[in-house]
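The structure appears right after this line, and notes come after that.
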Amino acid sequence: MINRTIEIAPSILSADFSCLGDQIKAVERGGAGVLHVDVMDGHFVPNITVGLPVVKSLSGFTRLPIDAHLMITDPGTYATQFVAAGAQMVSVHVEADAHLHRTLMSIRNAGAQAGIVLNPATPVVAVEEALQFADYVLVMSVNPGFGGQKFIPQSIDKVKRLRRMIDERQLNVRIEIDGGIDRSNIEKVVAAGAEIIVAGSAIFGTPDAETAVKELRDATVQWV
Ligand code: DX5
Ligand code: ZN
């Protein structure tokens, strides 16, 4: 498990949108690896956030790859539009897509990395057949919809089981984790096998987003 690349992925959901550009520059200075953008439609999850025009503006603004986490019904209809808008990573919920294989292939064919997302109550086995068509799997460690929720501790064992499933198949699939991550639990999720660590309120809920990213990175330094 040594020599994995651990990336911090700040979630702009918790940012101050009135100065989003400044906030993104701060996390860039802090050493963020990816910019996580939560897209919510008010149907798949009970909240509405941002969509294609925001991804388009940000892709021309930041040097970080944009990771679009689609919490929408019918993600297959929209996934490639997010790639066209500039997202380099696009993930869809397994619970929302009856044609996951097709959607993953369409994301890859459009030139981006394809991710599968699992809600907390969705078993790891739900990704088994699709794993070879994915570049990463996102394990939700809260129920999607809102920032600032409490980390579900059983997610650590879930990440370990998913890591085993990926390693047994010798696949090059990264694990991302999202929800309730902060300095108190980041080491545990990284030790379990997660490599892309999303954090919203632990970064943008503090007065100094740059330092918050640095501190999360420092907590994982033994793994880098
Ligand atoms: C929740 C979103 C998360 C959220 C995480 O549905 O997918 O990305 O922003 O926020 P925190 O880190 O505050 O739990
Ligand atoms: Zn997210």
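Start at 1 and go down the list; that is how both ligands and their atoms are numbered.
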- request: Over all heavy atoms of both residues, which pair between Asp41 and Phe44 is shortest? Give the atoms and the distance, please.
  value: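 Taking Asp41 first and Phe44 second, the nearest heavy atoms are OD1-N, 2.8 Å.
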- prompt: Which pair of heavy atoms, one from Ser141 and one from Ile181, lies closest together, and at what distance?
  reply: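 Closest pair (atom of Ser141, atom of Ile181, distance): OG-CD1, 4.1 Å.
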query: Do Arg108 side-chain atoms and Leu104 backbone N/O form a donor-acceptor pair below 3.5 Å?
result: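 Absent.
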- request: Mark yes or no for whether Asp157, through its side chain, and Gln154, through its backbone, hold a donor-acceptor pair below 3.5 Å.
  value: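 Not at all, since once roles are kept as given, no pair shorter than 3.5 Å links the two residues.
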Which atom pairs, donor and acceptor, lie under 3.5 Å between side-chain atoms of residues 46-58 and protein residues at least two apart or in another chain?
{"unit_1": "Asn47", "atom_1": "ND2", "unit_2": "Gly145", "atom_2": "O", "d": "2.8"}
{"unit_1": "Thr49", "atom_1": "OG1", "unit_2": "Asp38", "atom_2": "O", "d": "2.7"}
{"unit_1": "Thr49", "atom_1": "OG1", "unit_2": "Met40", "atom_2": "N", "d": "2.9"}
{"unit_1": "Ser57", "atom_1": "OG", "unit_2": "Pro53", "atom_2": "O", "d": "3.2"}

- prompt: Which parts of the protein, at residue level, reach under 4.0 Å of ligand 1 through a heavy atom?
  reply: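 Protein residues near ligand 1 are Ser11, Leu13, His36, Asp38, Met40, His69, Met71, Met140, Pro144, Gly145, Phe146, Gly147, Gly148, Asp178, Gly179, Gly180, Val198, Ala199, Gly200, Ser201.
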- prompt: Under 2.8 Å from the Zn ion (ligand 2), which protein atoms of type N, O or S occur, listed by chain and number?
  reply: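 Within the sphere that stays under 2.8 Å of the Zn ion (ligand 2), the protein atoms of type N, O or S are His36 NE2, Asp38 OD1, His69 ND1, Asp178 OD2.
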query: Side chains of Thr206 and Asp208: donor-acceptor distance under 3.5 Å anywhere?
result: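 Note: Thr206 and Asp208 side chains miss the donor-acceptor criterion.
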query: At what distance, to the nearest 0.5 angstrom, does CG of Leu162 lie from CG of Leu118?
result: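 CG of Leu118 is found 7.0 Å from CG of Leu162.
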message: Could you measure the distance from the CD1 atom of Ile175 to the CZ atom of Arg163? Nearest 0.5 Å is fine.
response: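 Here the rounded value is 4.5 Å.
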- prompt: Does His101 have any ring-ring contact (aromatic ring centres under 6.0 Å, His included) partners at least two apart in sequence or in another chain, and if so, which?
  reply: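 His101: ring-ring contact (aromatic ring centres under 6.0 Å, His included) contacts with Phe133.
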